[in-house]
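Everything on this sheet refers to the single structure shown next.
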Number of protein chains: 2
Amino acid sequence: MPKINPAPKRRSGCPLNASIEILGDRWSLLIVRDMMLRNFHSYKQFLESHERIATNILADRLRDLEKHGIITPQRDPEDGRKVIYRLTAKGIDLAPVMAEMVLWSASHEDVGNQELVRQIRADKTKFVAGVRQRWAAQQTKSSTNGNSK
Amino acid sequence: MPKINPAPKRRSGCPLNASIEILGDRWSLLIVRDMMLRNFHSYKQFLESHERIATNILADRLRDLEKHGIITPQRDPEDGRKVIYRLTAKGIDLAPVMAEMVLWSASHEDVGNQELVRQIRADKTKFVAGVRQRWAAQQTKSSTNGNSK
DNA sequence: CAGGATCCGTTTCGATACTG
DNA sequence: CAGTATCGAAACGGATCCTG
C-alpha cells in the first residue's frame, strides 16, 4: 500500500472524521452489507455478487476493512485453501447503521428483499439482535475445534 | 451528468442498490452531515468546513444531491444573490442513518463534539425529532415571506 | 479452483486558476 | 460569493496472469 495518507490534520472537531473512509466508500459498504445481510464470507462470493466488483478493488477493500478492524480473515478449518472473512465486533456494531440505511433506501426507492425490509421495520432491535446472534453462533462454531484468537 | 448508467441489471435483489451512490460517497455524506448537524446552508460554509472539499467537487456533489432529491437550492429571500441549500423531506429522513453513523464512529474512535454524541446516545428518537423540528421551523420561516426583513 | 497480483486504458478526483 | 475550466494524479474496471 503506497498510499501515504498525508492527513496530518488532527481535526477531530466533527463527527465521522475518521470513519468516513469506510462509511463513505461504496465497495466497503457493499461488502459489509453482504456479510451482514446475506451471510457472505468468501472472496468468491463477493465477486459473484452485487455490482460486479473487480478483483483488484475487492482485494483492496478487504485489506482496508481489515486495517480498520472491521473484518478479519481466517483459514477455513475444513478447507485449507479457503479464506473466510468474518466481521469483528466493531464490524457487527455497524448493524444499526446498516438497518437504517436499508430502511431509508427502501422507503425512497425500489429495493428487493422486501421481506428483510419488513422485518427491520417491524422491529429494529430484534433485527440487530438477530444479526448479533447469528454472528456469535458462527464465532463459536469456528473456534470449537481450534480455539482461535 | 452524462453517465448513461448502463445498468440493465434489474437486480434489485439487494437492499441499498440505488442509494449506495449517495450513502457510499464521502463528500455527499459530509455535506449532509454539515447540513443536518451543523446547520450549514451555503456553498461557502461547506467550503470552509470539514476536510477541505475542492470547489468543483462541491459543486458536483451539490448537483448529485439535488438530482437524488436530497437537497434543494433556493434563493435567500433576504439576499437575492445568495443560494441556500436545504434538505428535502427525503434528506431529513437520513437523520436516523446519520445518528447511527455518529454513534458508531464515536464508540470506535476519537471524535469531537462529545456533547452531540451524548445527546444522541441519551435519546436517539428525541435527537431525530429535534432535527426535524429545526428543519420544519426553517421551512416555514422561509416560506412565510412577509414578516421577515 | 480460490485468492489474489499485475498491467493498462478510462474515469474520477483534487488543487488551483479563472470568471460572472 | 458561487461556481466553471483545466490538468496532472489517483482510482477504477476489466482482462489476464500467478500461486498454492
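So you know, we letter chains A, B, ... as the sequences are listed, proteins then strands, and number each from 1.
- Rounded to whole Å, the distance from CD1 on A/Ile53 to P on C/dA5 is 14 Å.
- Summarising the geometry, the separation between CG on A/Asp60 and P on C/dA5 is reported as 10 Å, rounded to the nearest angstrom.
- Here D/dC1 presents its C1' atom at 17 Å from NE2 of B/His41, a figure rounded to the nearest Å.
- Between the CZ atom of B/Phe40 and the C1' atom of D/dA2 there is a distance of 17 Å, given to the nearest Å.
- Counting heavy atoms from C-beta on, the side chains of B/Met101 and A/Leu16 come closer than 4.5 Å.
- Proximity of B/Asp25 to A/Arg26: side-chain heavy atoms (C-beta onward) are nowhere separated by under 4.5 Å.
- Comparing D/dG13, D/dT16, D/dA5 by their nearest atom to the side chain of B/Asn56 picks out D/dA5.
- Under the 4.5 Å side-chain criterion, counting only non-hydrogen atoms from C-beta, A/Arg33 is in contact with A/Leu30.
- You'll find the side chain of B/His41 reaches within 4.5 Å of the side chain of B/Gln138, heavy atoms only.
- Here the nucleotide nearest the side chain of A/Ala54, chosen from C/dA15, C/dG3, D/dG14, is D/dG14.
- One atom, CG of B/Leu47, and another, P of D/dT4, lie 12 Å apart when rounded to the nearest Å.
- Distances shorter than 4.0 Å separate some side-chain N or O of B/Tyr85 from OP1 or OP2 on D/dG3.
- When each of C/dG14, C/dA5, D/dG3 is scored by its nearest atom to the side-chain atoms of B/Ala59, the top-ranked nucleotide is D/dG3.
- Between A/Ile57 and B/Lys44, it is B/Lys44 whose nearest contact on DNA chain D lies nearer the 5' terminus.
- Note: CG (B/Leu58) to P (D/dT4) measures 10 Å, nearest angstrom.
- Taking atom CG of A/Asp76 as the reference point, atom C1' of D/dG20 lies 16 Å away to the nearest angstrom.
- Side-chain atoms of A/Thr55 and base atoms of C/dA5 include a donor and an acceptor less than 3.5 Å apart.
- Here D/dC12 presents its C1' atom at 17 Å from CZ of A/Arg52, a figure rounded to the nearest Å.
- Under 4.0 angstrom from either OP1 or OP2 of C/dC13 there lies no side-chain N or O belonging to B/Trp27.
- The shortest distance between the side-chain N/O atoms of B/Arg63 and the OP1/OP2 oxygens of D/dA2 is not below 4.0 Å.
- Across all strands, A/Arg26 comes closer than 4.0 Å to no nucleic acid atom at all (heavy-atom distances).
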Determine all donor-acceptor pairs shorter than 3.5 Å in which one atom belongs to a side chain in residues 87-100 of chain B; sequence neighbours excluded.
residue  : atom : partner  : partner atom : Å
B/Thr88  : OG1  : B/Gly69  : O            : 2.6
B/Thr88  : OG1  : B/Ile70  : O            : 3.2
B/Thr88  : OG1  : B/Lys90  : N            : 3.3
B/Thr88  : OG1  : B/Gly91  : N            : 3.1
B/Lys90  : NZ   : B/His68  : O            : 2.9
B/Asp93  : OD1  : B/Arg132 : NH1          : 3.3
B/Asp93  : OD1  : B/Arg132 : NH2          : 2.9
B/Asp93  : OD2  : A/His108 : NE2          : 2.8
B/Glu100 : OE2  : B/Lys124 : NZ           : 2.7

